[in-house]
Number of protein chains: 2
Amino acid sequence: MGNDLENQTEELIKQTAKMLFFTKGHINAKTQEIADEAGVNRALIHYYFRSRDILFEQVLQEELDHTKHYMHRIFTSKDPFKEKVSQFLNTLIDRMIDYPYLENFMVAEIMKDPNKIKQFHAFNEGVKLKDIIEADLKEEIVAGRLKPIKIEHFMANLMGMSAYPMIAKPIMQSIFGFDEIAYKKFLIERKRVIYKSIFDEDLPS
Amino acid sequence: MGNDLENQTEELIKQTAKMLFFTKGHINAKTQEIADEAGVNRALIHYYFRSRDILFEQVLQEELDHTKHYMHRIFTSKDPFKEKVSQFLNTLIDRMIDYPYLENFMVAEIMKDPNKIKQFHAFNEGVKLKDIIEADLKEEIVAGRLKPIKIEHFMANLMGMSAYPMIAKPIMQSIFGFDEIAYKKFLIERKRVIYKSIFDEDLPS
DNA sequence: AATATGTTTAACAAATTTGTCAATACAAAC
DNA sequence: GTTTGTATTGACAAATTTGTTAAACATATT
């Protein structure tokens with residue numbers, strides 16, 4: 001009765017859409033392109049998702065939920081703050097290697113409909129992540145392990161240094177002449193560089 | 001004949017398009033919306049620019065040229081490196097207040113047609129900016145005014161910390177509860193925060 | 001005033017893209 | 001093998017968006 005292993009075709013369409021949207025960055029991929037890439041009839045997209053918009057919403061939401069969960073898991077753990085940041089860098093950068101354009105899309109979506117922003121609160125899940133990180137920050141600063149900095153600047157620095165090389169990947173690749181291999185290596189390196197820039201000490205291996 | 005003060009209507013259409021594209025972030029603004037916003041007949045867009053694509057290319061190219069020029073001017077000057085960075089931060093951040101989504105668009109454009117990347121070399125203008133900055137960096141490092149860092153990481157840090165808060169403006173606004181005024185203040189603050197993060201000393205007033 | 005030149009307009013045509021539907025294929029259950 | 005429910009297909013309709021054109025309008029030149 002067709003619902004064996006997580007409906008095959010439906011899942012295939014979603015994975016293909018994610019690849020086109022978030023990996024290749026084809027923000028305006030037409031239903032025909034998605035269907036072709038997935039090797040299915042275009043009408044199936046409407047059969048499973050009713051409309052292109054709903055498909056888009058759904059795959060974006062799935063990835064947002066994913067982001068929410070890992071951020072919450074990392075920052076609510078009992079690990080030391082530096083360990084949290086290290087894990088965050090690892091997860092975020094690995095993830096961006098898979099979906100370089102996800103960040104771009106979140107922004108593009110919010111631009112279309114600013115009300116939609118509530119869904120994007122990776123920061124609202126019971127206890128506010130913002131408050132947790134803020135408390136951590138204060139503790140580090142008081143203990144002298146971190147120079148005084150406001151939470152919003154700390155996060156802007158951390159996210160910016162991490163996400164920008166992905167968002168602007170083609171630009172940086174061109175400027176510095178990186179091929180895919182070199183760029184991936186560059187991204188991995190960034191984990192250590194960012195850690196060092198923030199804490200002024202080397203990331204423990 | 002009719003070319004008095006830089007053709008009024010043509011200029012109006014371009015300014016309106018830039019506002020919709022780069023300030024408001026309506027990446028898919030239709031010709032009708034542009035015409036309505038400018039208060040002109042839609043056919044005039046085709047009269048002056050032949051097609052929506054050409055209009056888009058043209059306004060984007062204008063802004064890219066602008067970026068090219070100020071970056072080249074700042075980094076080829078004889079000022080000390082720290083002064084260059086300070087000026088760069090000032091110019092970039094002020095500019096991003098006007099055109100928050102310009103960065104996003106450059107990337108989106110390149111995604112569509114990766115060949116187009118040559119136009120985006122704010123870094124190729126006679127002498128390569130990359131080489132100039134790289135030389136400056138080495139000098140600073142040797143003189144002990146800067147911790148050792150590779151050019152690509154230095155630029156990723158600098159651009160990321162500067163550009164990200166603009167690219168992800170709606171997200172950060174929502175997380176930290178900034179209204180427009182507060183966000184602008186936050187952006188201005190960032191000049192000092194970034195300078196301090198990079199050079200580990202306060203930006204001279 | 002007549003003419004020429006450039007600008008603007010509304011109506012139309014073409015192209016693109018999304019969404020719907022009835023017919024068909026397929027697989028499991030009876 | 002027939003029934004039943006779901007999956008898939010191609011053809012079609014609707015909607016959206018871009019691009020074209022001929023005529024109206026304005027302004028300057030002769």
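Keep in mind the model is a prediction, meaning the values are calculated, not measured.
Between Ile45(B) atom CD1 and dT7(C) atom P there is a gap of 16 Å when expressed in whole angstrom units. Atom CZ of Phe56(B) is separated from atom C1' of dG19(D) by 19 Å (rounded to the nearest Å). Nucleotide dT6(D) holds its C1' atom 5 Å from the OH atom of Tyr47(A), rounded to whole Å. Atom pair Asp53(A):CG and dT16(D):P shows a separation of 13 Å (rounding to whole Å applied). Atom CZ of Arg52(A) and atom C1' of dA15(D) are 16 Å apart (whole Å). As a whole-Å value, the separation of Gln32(A) CD from dA11(D) C1' is 13 Å. Between the P atom of dG19(C) and the NE2 atom of His46(A) lies a distance of 4 Å, rounded to the nearest Å.
Every residue two or more places apart in sequence or in another chain was checked for a salt bridge (charged side-chain N to carboxylate O under 4.0 Å, His left out) with Asp179(A), and none qualifies.
For Tyr70(A) and Gln87(A), the side-chain atoms include no donor-acceptor pair closer than 3.5 Å. Side-chain contact annotation: Glu11(A) with Gln15(A), donor-acceptor N/O pair under 3.5 Å present.
Contact annotation: Thr9(A) reaches the phosphate of dT8(D) (side-chain N/O to OP1 or OP2, under 4.0 Å). Under 4.0 angstrom from either OP1 or OP2 of dG19(C) there lies no side-chain N or O belonging to Thr31(A). Here Asn7(B) reaches the OP1 or OP2 of dT7(C): one of its side-chain N or O atoms lies under 4.0 Å away.
Listed here is the closest heavy atom pair of Tyr195(A) and Asp202(A): CE2-O, 3.7 Å. Nearest heavy-atom pair, Arg42(B) versus Ala35(B), reported as atom, atom and distance to 0.1 Å: CA-CB, 3.6 Å.
Within residues 35-44 of chain B, the residues having any heavy atom closer than 4.0 Å to DNA chain C are, in order of number, Asn41(B), Ala43(B), Leu44(B).
Cation-pi geometry between Lys18(A) and Tyr99(A) is not met: the NZ or CZ atom fails to fall both under 6.0 Å from the ring centre and inside 45° of the normal.
When each of Leu12(B), Ile54(B), Leu55(B), Ile13(B) is checked for a side chain to side chain contact (heavy atoms under 4.5 Å, CB included) with Tyr48(B), only Ile13(B) meets the rule.
In this structure, Tyr48(A) reaches the sugar-phosphate backbone alone: every heavy-atom distance under 4.0 Å involves primed, P, OP1 or OP2 atoms, never a base.
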